[in-house]
Amino acid sequence: MSPPESKNMFTAFFSNPTVGRILGVFLLVVVLYTLMIGIEENARTVENHQNLARRIGEWGILTLGVGFVIITGGIDLSIGSVVCLSAVSFGILLENGANPYVATLVVLTGAGLIGLFHGYLVTKLNLQPFVVTLCGLFIYRGMAQFLTLIDFKKWMDPNLAAGTRILRDSSRDVGVGGRTDLTSFFWLQKGEWLGIPTPMWLFGILALLAAIFLHASVYGRYLFALGYNEQAARYAGVNTNRFKVIAYFLCSLLAGFGGILFLMKINSASPSNAGNWFELYAITGAVLGGTSLRGGEGTVIGIILGAAILPLLKTLVIFAGIPSDMEFSAIGLALLLGTLADELLRRRSEAARKGA
Amino acid sequence: MTSSKDQGKPPLLTVFGISKQFGGAQALHDVGLQLFPAEVVALIGENGAGKSTLMKILGGILNPDAGTIQMDGVPVRLQNPAQAMKLGISLIHQELNLADNLSIEANLFLGREMTWGGPLGLANRRAMEARSASLLDRVGLGFSPKERLANLTLGQKQLVEIARSLSLDARILIMDEPTSSLAQRESERLLQVIRELRQDGVCVVFISHRLREVEAIADRVIGLRDGKNAGELSRMEINYPAMVKMMVGRDVKLKRHQPILPKIPGLPPALKVVKLRHATSKGEGVSLEIQPGELIGMAGLVGAGRTEFAETLFGIRQRVSGEIHLTGKPIKIRRPADAIAHGMALVPEDRRHHGLILADTIRGNIALPNLDTLHKGKILNFKAIKSTAQKGVAALRIRTTGISKQAGQLSGGNQQKVVLYKWLFRKPALLILDEPTRGVDVGAKEEIYDLMRQLTDKGVAILMISSDLEEILQLSDRVLVMHENKMVGALDRDQLSEESIMRLATGANS
């Protein structure tokens, strides 16, 4: 039983499926970027780059979160709604005079509890992640809409006459209540350091932590092991349920943070639109970055590159002069072509390797 | 060699009065056994005899309904695998419990990693890799600990499992059919490792259906039948007939197949393959001829390219070049449906993934390839499906409570019979069997052999791929040998011997 013939280091490196995936998505990022700056002079400005980086940061944070869940073989479809519920709750707390730091703590705790709840349903009650989080998608958005119906000012009024309605007639957009003590919070979204927008910094720091967690700590190993072969992990004495719950917890927690950033972006959040599609942006980023929906495969570096693709495409579509009504079709088509090219390249290199 | 029992050493483990019930079925009834340090014990019995249940109880995966387990004379409870491991009992499953997506090192230490950084739980990769290297050395695996497990063969993965048990300082190592999916050479390597473990004082218990192997290595044989103790053989008493008798409770005569070569002149061969090549073929490709009623054995080591050849023949793999003739006519096979339409059938190597839909019933599995006939105006003919399945269960003596039982709940031998019947219903002219009796017990094995003989008597041509030399020698009219994706030889019945096959299979002639 001898090892396979020692391959030359170079071929060994490039024939590693994980490396191949990362190179593929890297190539896609390079192609999209080159196209973008080639197509339009305005795309070469510092401002455009900053906008791009800001968006990559915002969505990238969500992509990291869903990455954990996908690695365990699960999925989270509720991210967009958690973003919405968090943004709306944060706004309502601010409007009613809460200390912004306390409000942050409340929102993040709530989001974390949502993740724990998902994890509990998936592990202890053995429900399917798709179903659990799909229900979440509806529930949390509905909750956000309901929260904006409540007139907290009236409700809290000690002199409220009995029988007064505290519900508004229709849901409304939530703002920050004209607060002036939110400078550091706005900075989280709109600030920059060394020319790089803060959301990108935040994404970078979180990605670094995620990389340590996934690739250097034993906890990451457990996630990969249980995502690929849960029984193997369980028989090896790993508390698989606990680590699954942790993945859902982190995903919702990051979505909650995403909600805070969302409100800080335009100082307002609409309960029916905020965070729409965000779960799909996040999942797309993770999957394009080589995270396998079957579980057990994925890298943080891949997720970072994958998270860059949708923002790049969106910007490219705008600069290419494609009407905004056709934006979604154009993005979908581009993704399909990219995936197709990746698959064809992969097959070719595989055939070349086998033929050699 | 005298067994440790005779030397009067105290037993490592004593088990008595173990009973276990599943639903209405009594899997184990008042079973007892003793294990001593530094011995190799084979546990034999037909499928359903309770071997795996007993082993799972010792491994802490199942809890017995009644009975006592003593380790070093002290009563213990084995409520989960972790407790068993702590006491030094390590169980290696039939289906490997490893994660292909991780490195060898990560698999070896899964669940008990060496860490640094306290609560951060950072993996101390360097320390684990160093320790892995010495563990791999002990089982004779020359891989880097960083190698992805997916790049290893099944046999090599099995050795990784053993290395993992060794790192747990296992005193009792239990293996459930460790060699059932290994080729001869890999099995020998494994048996060598078992011998070395015995020298180190480890008690190795293994379940095997390969009785030749048991003869070669076991110090003691413990038999189970219908969930009860069926006797014990000491080293001097171990021989093939005695073991078979203990398992089935009666004498079984091993029949050598007496081939009646139906060489009717002028009749075209059932199958003629000319230089068939697929993407990873080497050399000029595989050529062969099978006469109607002939049984051709295809021998070779695991990875010799036999399964790939069968898959190309059946249209699962893309044919690159070469011709296929069925009963004299050239045919084109692009997909399995073409092969089936031409009267071919393939019983695949990986029964659980390719042969059956485990979650489906016996009825559903038998019906699936035959739905083209089991319908009335494209609406399922439930009556015909039911009677077909019932006929199959009766004809092949499939042991089950009914045709609505899930295939996944059957024993290996009965699963294989379901796969066989779903194809036999079509009355194929050419039957390709890939490892037909892997993981099948002696009783069912003989039944399957009988069935194969009946088929060849009726003129069905059979191509049997097998890593079990005993089986190849016993059944084949002719044997073809492959080595490294090339056909390296053909042996007629009078040239057949273990040595002649192994010489070709290991590439000694090339």
Side-chain angles (χ1 to χ4, degrees), chain A residues 1-7 9 12-13 15-19 71-73 209 211-240 242-243 246 290-292 294-299 347-348 350-356, chain B residues 59-61 80-82 85-86 91 93 95-103 105-117 119-125 128 136 139-144 147-153 155-156 158-159 161 164 168 185-186 188-190 278-280 320:
Chain A
M1 241 165 262
S2 54
E5 299 154 39
S6 64
K7 282 178 279 184
M9 283 260 294
F13 180 74
S15 61
N16 181 320
T18 315
V19 174
I71 284 169
T72 69
L209 293 175
I212 293 170
F213 177 73
L214 277 179
H215 302 309
S217 85
V218 296
Y219 313 121
R221 280 193 178 187
Y222 296 159
L223 288 189
F224 282 109
L226 78 90
Y228 189 88
N229 185 344
E230 189 174 347
Q231 181 178 299
R234 200 168 43 232
Y235 281 12
V238 176
N239 187 342
T240 51
R242 181 194 297 163
F243 287 97
I246 286 175
T291 318
S292 165
R294 280 189 218 108
E297 305 280 349
T299 55
R347 276 197 204 176
R348 263 191 120 168
E350 210 162 84
R353 203 164 62 240
K354 278 195 176 157
Chain B
I61 292 171
N80 53 52
M85 267 183 226
K86 234 182 187 165
L91 176 63
H93 291 259
E95 269 110 50
L96 295 176
N97 275 306
L98 298 169
D100 268 357
N101 57 337
L102 301 181
S103 67
E105 166 257 318
N107 270 290
L108 284 175
F109 288 94
L110 188 60
R112 4 167 235 104
E113 287 80 359
M114 304 178 183
T115 59
W116 59 283
L120 288 178
L122 299 175
N124 190 345
R125 230 170 262 185
M128 286 191 280
L136 291 178
V139 297
L141 263 182
F143 278 100
S144 151
E147 187 75 40
R148 245 172 96 94
L149 198 77
N151 298 337
L152 273 64
T153 67
Q156 291 163 341
Q158 200 114 39
L159 291 175
E161 278 261 28
R164 183 157 93 182
L168 289 162
R185 200 163 58 174
E186 288 187 314
E188 275 162 19
R189 173 72 218 148
L190 181 67
H278 54 84
T280 51
V320 173

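Basis for what follows: all heavy atoms, side chains included, without hydrogens, waters or symmetry-related copies. Chain naming here is simple, since letters A, B, ... match the order of the sequence lines and numbering starts at 1 in each.
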Novice: Among A:V218, A:I212, A:V238, which has the most heavy-atom pairs under 4.5 Å with chain B?
Specialist: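 Counting heavy-atom pairs under 4.5 Å, the top option is A:V218.
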Novice: To the nearest 0.5 angstrom, please state how far the CD1 atom of B:I61 sits from the CZ atom of A:R234.
Specialist: 10.5 Å
Novice: Give me the one residue out of B:L102, B:D100, B:L98 that meets side-chain contact (heavy atoms from CB on, under 4.5 Å) with A:Y228.
Specialist: B:D100
Novice: Quick one: pull up CG in B:L120 and CZ in A:F213 and give me the separation to the nearest 0.5 Å.
Specialist: 11.0 Å
Novice: Between B:A99 and A:A232, which heavy-atom pair has the shortest distance, and what is it?
Specialist: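 Closest pair (atom of B:A99, atom of A:A232, distance): N-CB, 4.5 Å.
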Novice: Going by atom types only, do B:E113 and A:Y219 share a side-chain donor-acceptor pair under 3.5 Å?
Specialist: no
Novice: What distance separates A:R221 CZ from B:N107 CG, expressed to the nearest 0.5 Å?
Specialist: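 The CZ atom of A:R221 sits 9.0 Å away from the CG atom of B:N107.
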Novice: Quick check: does any side chain N or O of B:N101 sit under 3.5 Å from a backbone N or O of A:F224, one acting as donor and the other as acceptor?
Specialist: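 Pair found, side chain donor or acceptor close to backbone of A:F224.
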